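A quick write-up on the structure given underneath.
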Amino acid sequence: PAPPVTLVIFGATGDLTRRLLMPALINMTRLGLADDGLRILGVGLDAMDAEGLRHALESFAAPAGGEGATERGEAWAALRPRIDYLQGDFTADAVYESLVERLGPDRNAAFYLAVPPRFFGDIVDKLAEHGLMAESDRRFRRVAIEKPFGHDLESARALNARILKQVAERQVYRIDHFLGKETVQNILTLRFANTMIERLWNSDAIDHVQITAAETVDVGTRGGFYDPTGALRDMVPNHLFQLLAMVAMEPPNSFDAEAIRDEKGKALRAVRVYDAEEARTNGVRGQYAGGAVAGHPVTAYRSADGVAPDSRTETFVALKLMVDTWRWAGVPFYLRTGKAMAVRDTEVVVVFKPVPLLQFAAARGASLPSNQLVIQIQPDEGMSMEMVIKRPGLEVATAPVSLDFHYADRFRIAALTGYETLLYDLFTGDQTLFQRADAIEAGWAAVQPFLDLWAQGEPEPYAAGGTGPESADALMRRDGREWHELA
Ligand code: BG6
């Protein structure tokens with residue numbers, strides 16, 4: 001189990017705490033990753049007491065029925081009495097004075113900022129001013145910060161500078177929940193534990209890379225957050241760039257947090273920062289119009305709650321990026337993400353170059369499908385390798401086949417949220433799966449030209465339930481390539 005620690009959650013009555021943190025804490029208790037040394041102290045504006053917070057969290061922590069309900073119930077019974085509540089305004093000193101008192105001098109604490117981003121800087125300032133971030137050999141003090149970390153390069157830099165004035169980088173845990181996903185972590189194992197992969201992992205053998213995060217969900221009730229944010233900020237410099245970094249990074253010197261983060265930072269800094277003209281030719285933005293996703297009608301983005309009726313916010317992005325390193329010279333990375341699309345599919349597709357010469361009579365003059373490694377992040381976690389074989393029979397004819405691996409066939413995958421590993425690492429002090437300041441800033445630097453460009457003009461409409469706007473396909477066609485089919 002993790003060492004004794006108090007998890008202080010700012011925003012304890014919010015959506016993130018209910019939907020993700022509580023279920024993760026229950027799973028950790030169930031799996032023995034947290035024991036009775038764990039205390040939870042919720043901080044929020046709502047007028048209630050500890051019992052009120054416990055009650056508010058109960059149905060999320062231990063939903064009745066379903067698989068594992070008994071174990072969850074037991075874990076909840078153990079965790080429940082260790083939940084406490086502190087009512088107050090995050091910007092007022094009184095809250096921090098109470099925290100000093102409640103935590104005492106020797107208690108380890110992790111402050112989790114599950115609050116709107118405008119509070120990040122204020123809370124860290126106050127924590128530091130009240131001595132709450134000071135560490136000693138008897139206690140650690142850490143702060144976990146949710147996304148979005150900044151809304152452009154300048155604001156991300158300013159926020160990093162403000163935070164790092166108060167606390168050391170080793171105390172800061174910037175969350176990107178994609179890094180909690182098993183299949184995302186597996187990319188490094190796949191690359192660095194398999195000779196046949198890593199030896200081909202460069203521009204000699206690889207034609208291009210595609211990174212896709214297609215979602216069926218639409219903006220739903222998140223209009224207030226999403227409309228000023230958009231798909232680019234919401235998904236690209238963070239989640240998609242984490243995948244890009246895992247694919248593009250050089251082998252680290254060790255599997256230490258800093259060694260891995262050094263290499264990821266270098267890979268992200270190598271993403272070419274476009275000028276305005278390059279951004280115009282290498283980026284596509286779309287916004288969903290009405291349509292149907294899996295048979296359910298979806299109304300246009302502009303008519304959603306909290307969205308301006310003339311909103312120019314993009315709900316889809318496709319980018320062609322270059323990673324300027326020796327390994328990746330000339331190998332484009334195509335990224336796309338969108339809401340209200342035909343299927344939910346997060347994947348990395350590595351498309352290999354064609355063989356230099358086709359000797360088969362039957363195939364002469366024809367082209368064979370390329371080898372492709374498809375790393376399926378979610379759903380149906382796994383991977384497949386597309387290859388070409390001889391079709392059985394007297395003639396030499398070829399057929400494409402797929403070598404498939406599905407996690408679920410081989411392992412029992414625990415139904416986890418992804419936050420279990422992140423919280424455990426926060427408590428044990430392992431920063432590998434968290435974003436360092438330099439990586440965050442490199443991500444923003446690479447998308448900034450698109451943000452600047454898209455401050456004007458309109459996104460291209462696409463039908464809800466489709467695969468995105470026509471220009472996204474044209475972006476590929478122009479290069480003689482096509483998107484991997486969403487499945
Ligand atoms: C969040 C975004 O960070 O990631 C959401 O704010 C998005 O808009 C979500 O839906 C996607 O994460 P996942 O784990 O559902 O693929």
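Note that ligands are numbered from 1 as they come in the structure, with each ligand's atoms numbered from 1 the same way. Computed from a predicted structure; not experimentally measured. What's counted below: heavy atoms across the whole structure, side chains too, no hydrogens, waters or symmetry copies. Start at 1 with the first residue, then count along the sequence.
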* Mark the output for Y226 as yes if a heavy-atom distance to ligand 1 is under 4.0 Å, and as no if none is. => no
* Atoms of ligand 1, numbered as shown, that sit under 4.0 Å from any heavy atom of K339 -> 5 (C), 7 (C), 8 (O), 10 (O)
* To do: List every atom of ligand 1 that sits less than 4.0 Å from any heavy atom of Q378, numbering the atoms from 1 in the order shown and giving each element.
  => 13 (P), 14 (O), 16 (O)
* To do: Compute the centroid of each ring, for W328 and then for F333, and state whether the two points are separated by less than 6.0 Å.
  => yes
* Where ligand 1 meets K181 - atom numbers and elements under 4.0 angstrom, heavy-atom basis -> 13 (P), 14 (O), 16 (O)
* Structure fact -> So the atoms of ligand 1 within less than 4.0 Å of a heavy atom of H239 turn out to be 1 (C), 3 (O), 4 (O)
* State yes or no: are the ring centers of Y334 and H208 separated by less than 6.0 Å? => yes
* Assert yes or no for the condition that the ring centre distance of F316 to Y462 is strictly below 6.0 Å. => yes
* **Whether D234 lies under 4.0 Å from ligand 1, heavy atom** => yes
* Minimum-distance pair of heavy atoms, taken over all atoms of T417 and P23 -> CG2-CB, 4.0 Å
* Asked: Which ligand 1 atoms, with their elements, are less than 4.0 angstrom from a heavy-atom of R344?
  -> 13 (P), 15 (O), 16 (O)
* **ligand 1 versus E146: contacting region, heavy-atom distance under 4.0 Å** => neither
* Looking only at side chains, do E58 and W76 share a donor and an acceptor under 3.5 Å apart? -> yes
* Output yes when the distance from some N or O of ligand 1 to some N or O of T346 is under 3.5 Å, and no in every other case. => no
* To do: Identify whether NZ of Lys or CZ of Arg in K181 sits under 6.0 Å from the centre of the six-membered ring of F178 and within 45° of that ring's axis.
  => yes
